[in-house]
Structures are given as structure tokens and as C-alpha cells.
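In what follows, a structure is listed as C-alpha cells, so that the remarks can point back to it.
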2 protein chains.
Amino acid sequence: MIEQLYEACVAAVRTAGAIMKSHTGERMSVQFKTSWSDLLTEVDTAVEQAVRSAILARFPDHGFLGEEGGGGWEKEFTWVLDPVDGTTNFAHTLPNFVCSLACYRGREALVGAIYDPSRDELFSAKRGEGAWLNGYRIQVDPATTLRESLVSTNLLWDLREDRALNLPGMQEIGKHVRGIRSLGAAALEMAYVACGRLSAYLQWRLSPWDFGAGLLIVAEAGGLVTRADGSEIDPTQRGSILASNGRIHGEIIGYLQQHRTE
Amino acid sequence: MIEQLYEACVAAVRTAGAIMKSHTGERMSVQFKTSWSDLLTEVDTAVEQAVRSAILARFPDHGFLGEEGGGGWEKEFTWVLDPVDGTTNFAHTLPNFVCSLACYRGREALVGAIYDPSRDELFSAKRGEGAWLNGYRIQVDPATTLRESLVSTNLLWDLREDRALNLPGMQEIGKHVRGIRSLGAAALEMAYVACGRLSAYLQWRLSPWDFGAGLLIVAEAGGLVTRADGSEIDPTQRGSILASNGRIHGEIIGYLQQHRTE
């Protein structure tokens, strides 16, 4: 069973990537965004329809949760899709946009895949069997301290609402890390934690489709994913995400707790 | 003359890219950074030697300024090299590291090239003739307001020194933009401004080799590069960089001036 789910999951995100590429062209440059909101709606819709119909044709009794809604979590199996993760990047033709898809049985992810069409990189995982990048086994960063870590977050994400929830804690973390990055694509940043390119990723107010596949891929690569306060994640609920290599998890939570604003 | 300089510049950064790639492998993953500082020194040195010897063999009377020092700015022509821009990314096998090279006559850049080996993307420019990405003409983002702009900066870069110079101004800017990114590679971020993937890039305390090629490539793509206070850049001097599409330059400087900490 898990093999069939895995195969369908990987095939679907590759199809999604092909759709994204067909809309940006090989040569990503500024002229493609003349009407960026139209482009986004068009690509989001095209990807979601293609993935939804491919999955439901094969597994007609499964639930499917996408950005357009749809029945999720009531059935035994639920697929969770983010058709274009990193939509602002995509609209600006900035690399770092992916398709993210996972299949859950109840609250437990069985398979997950994140595909980056601009680099042709496929991150995937099967529960209990490991995680891969283009077929090669991946593992989280071996760093044991923040001092040797590269951490990503979308620091100013919610400044416009005058609620820079993560700013005080991140400022403290910023004093202790090797570097801070903001790539602007939650699923991709979780995939990068899984393969060790990032040591940790921290973000507030993510939706189930943002982290649905990343949760499993990070865990199967030897990492840890919790809420920002260290509590367990209910994957059906919106909230914060702290994905790390596990070893620096406590240090990050410690700094965040010293500077709580929530 | 400018054709020969351009050809040599482009050939040199491509050679640099090949050296970087030979050290990370096609499959970038965590095992390549077991001794990251050794790897960096090795690659930095290998790239600098290869580029320096290729350039000086062809133009023996030119000056050459790299991270290892060397005579710069006293001769009529000076080459300015950053062998690996985005060294922390490179060490973590995170994409977003480039080689940057430019040739100046006096204080005026004649040709510049920035090469990203992980995406095989070459950004280049010739004074007065334009800027290109892999041979295609590029232009800056058409955005006219911050509200529709994607801006990058290395926000927490200097927090460890307790001098978050750019934080208050950036927080203000963060309230008005579509998104903030931190890619961690000054030359690449300037190249992305040139091709419209980013609307602006802002950073403090950069060195001549960080922005030597970016200055010209952004200008030739129709953009504007100044210091963060809007003043003209002396390319021989370390300092801040604000590279933008020109149209949002004033709006950014305005917010920075409201929150000056320098």
C-alpha cells in the first residue's frame, strides 16, 4: 500500500512541477509577471486540478485537502496539497517555489514529496523507511550548537499587521547563529532542513498544506518538528513550526521562551 | 578592447564555477561539509589562483584585487574578484553562492560577470551595452511602489556585534513591501535585482569585491545603485549598498532616514 501511495505522490508533484515550468519558461525573467496575480491564480488552479484528479482517480475513497478546500481528515486517508509553495517568489520569478504533497492516515503522514522544478530536485519520504533527495538518502545537519548553524525564518512576514511575533526571539537567536536566511517557501525550507542545507527553520501561522509533507521528510531524515514552544503538532491545525536537526532544538526554544511575545 | 575584457571576465567566472562544482559534487548534500572551514579555504584559494593567473597572463599590466589582497586601483585597469560570494551558503551546501569578477578603468566598471554554478546562470554586463542572463538581455523589476516589491537584505548579519544597524529601518520597510528575503550572497542578490527577481537589495558594510560586478550589472539593466543614504559609491571603499530598480529607491531611502541609527 505505502509503495502505491509513494509512487502516486511523487508522480503528482512532478506533474505539478511541469505545469509550473510551462508557465514561467526555462528562462525565468521579469517579463513573465506582467499580470502576476492572474498568473498565480491560473497556475495554482491548474496544479491543484491536475493533482486532485490524478490522486482521486487512483484513490477515489481518499480525502483531499488543498487551498481550494475540499474534504480533509474525515476519511481514513487524506491527501494534503500546497500547489505552489512560495507564491510570492513564483510571481517574481525568484527561484524557491515548490509543490508539496503528502498522504496521511488519520493524523499520521505515510508519504510526502516536495518538488522544486527550478532545480529539478525532488525531496521525498516514506514513513519508517527514510528520506531522499533525487533518490539519494538524506540526513539532517550534524551541527550540535547554534554557533555552527544556518537557520531560516520569514522574519518580517507579519510586520504589516504590527505583530512581529517572532522578532524579539529571532533577534536573540540571530546573535548566536552562523547565519539567518529567508527563502520565503516553507515547504522548501523544511526540505532543506531535511538534507542539511539548513540547520533549522522557524515560522509562525503555517497551514496544514504548508507543512504536510515537510513534517514527514524532516522526521525521516533524522530531524525533529514541533511547534515553536516545543509542543507536539496536530497536523490538521494551523500554527507555528520549528523544524531542526534535533540537536539544536532545545537551544532555539530556550531563546524563544526568554523573549515570548505571544 | 572591451570585448577582450568581457570575454576574459566571463571565461574566468565560468572556470571558477567549475572549481566550486568539483568541490561540492553534483549532488549537494550535507556530507560535503565535514570540515567546512578547510573546504572553504581550499576552494577560495583555488578559485582565486585560477582567476588571477588567467587574467594576469592575458593582461600582465593590470591590477588585481582579491580577498588575498594584491595591487588594486593604482594601475589603469583593476580586476576585482570575490572568489566565492555566499561562503556560508557554500559551506552548508545551500544553493546561492557565486563567483563575482569585474574590470575597472580607474573608478569606472567596464565589464562584470557573476556566475552561479548551482543553477548554471551567468549574469554579465558591458558598460553602455546592457546586461544579460545566459545571453538574454535582462531588465530590472517594473514595480513602482514598495507595496508590489520583493526586497532582500541580510537582516541579522551584525546582531552578534549588537549593532543591528539596519533593523529599525528594515522593520519599517517590512511593513510596506510584498516580501523580505535573505539569500546570504551579495553579488547574487545584486544579479537578481538586475534581472527583476528582486526589486531591491540593501546591505551594510560590503567590500569592493562584493559589489564590484553587481554595480555595473544592475546599472546596465536599468537599475540604480547607491549607498544606503542615496550618496554615490566610490567603488574602492567599503560601505553600504542599496541596489534597486530605481523607481522604489527614494521610498526605501525615506524609510531608512526616518529610522537612522548610524
Side-chain angles (χ1 to χ4, degrees), chain A residues 27-34 36 88-89 91-96 118-119 121 133-134 136-143 148-162 164 167 170-184 192 195-199 221 245, chain B residues 27-34 36 88-89 91-96 118-119 121 133-134 136-143 148-162 164 167 170-184 192 195-199 221 245:
Chain A
R27 172 190 157 211
M28 300 209 312
S29 70
V30 74
Q31 79 262 29
F32 295 104
K33 64 175 192 203
T34 35
W36 76 279
T88 304
N89 295 338
H92 285 255
T93 66
L94 182 71
N96 298 339
S118 85
R119 300 179 53 82
E121 290 190 330
L133 162 50
N134 288 351
Y136 292 96
R137 191 69 178 256
I138 50 176
Q139 279 188 309
V140 292
D141 184 16
E148 45 181 346
S149 294
L150 193 56
V151 174
S152 80
T153 187
N154 202 343
L155 202 55
L156 297 179
W157 182 72
D158 49 6
L159 271 188
R160 252 180 290 183
E161 306 169 51
D162 285 317
L167 198 54
M170 280 307 303
Q171 274 189 266
E172 188 59 37
I173 290 168
K175 294 177 188 168
H176 302 278
V177 295
R178 187 175 284 156
I180 294 281
R181 298 289 178 268
S182 288
L183 306 181
Y192 280 3
C195 72
R197 292 178 185 171
L198 292 170
S199 317
N245 68 355
Chain B
R27 171 190 157 209
M28 301 210 311
S29 70
V30 74
Q31 79 262 29
F32 294 105
K33 65 176 191 201
T34 36
W36 76 279
T88 303
N89 295 338
H92 284 255
T93 66
L94 182 71
N96 299 338
S118 85
R119 300 180 53 84
E121 289 190 331
L133 162 50
N134 288 351
Y136 292 96
R137 191 69 178 257
I138 50 176
Q139 279 189 309
V140 293
D141 184 16
E148 45 181 345
S149 294
L150 193 56
V151 174
S152 80
T153 186
N154 203 342
L155 202 55
L156 297 177
W157 182 72
D158 50 5
L159 270 189
R160 252 179 289 183
E161 305 168 53
D162 285 317
L167 198 54
M170 282 306 304
Q171 274 188 265
E172 188 59 38
I173 290 168
K175 293 177 188 167
H176 302 277
V177 295
R178 188 175 281 155
I180 293 282
R181 298 290 177 267
S182 288
L183 305 181
Y192 281 4
C195 71
R197 293 178 185 171
L198 292 171
S199 317
N245 68 354

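This structure is a prediction, so every number in the text was calculated from the model and none was measured. Lettering follows sequence order; numbering is per chain, from 1.
- For the atom pair OG1 (A:T93) and CG (B:L150), the distance works out to 9.5 Å, reported to the nearest 0.5 Å.
- If you take OG on B:S149 and NE2 on A:H92, they are separated by 7.0 Å, rounding to the nearest 0.5 Å.
- Across all their heavy atoms, B:N89 and A:R181 have their closest contact at OD1-NE, 2.8 Å.
- Taking OG of B:S152 as the reference point, atom CG of A:L183 lies at 11.5 Å (rounded to 0.5 Å).
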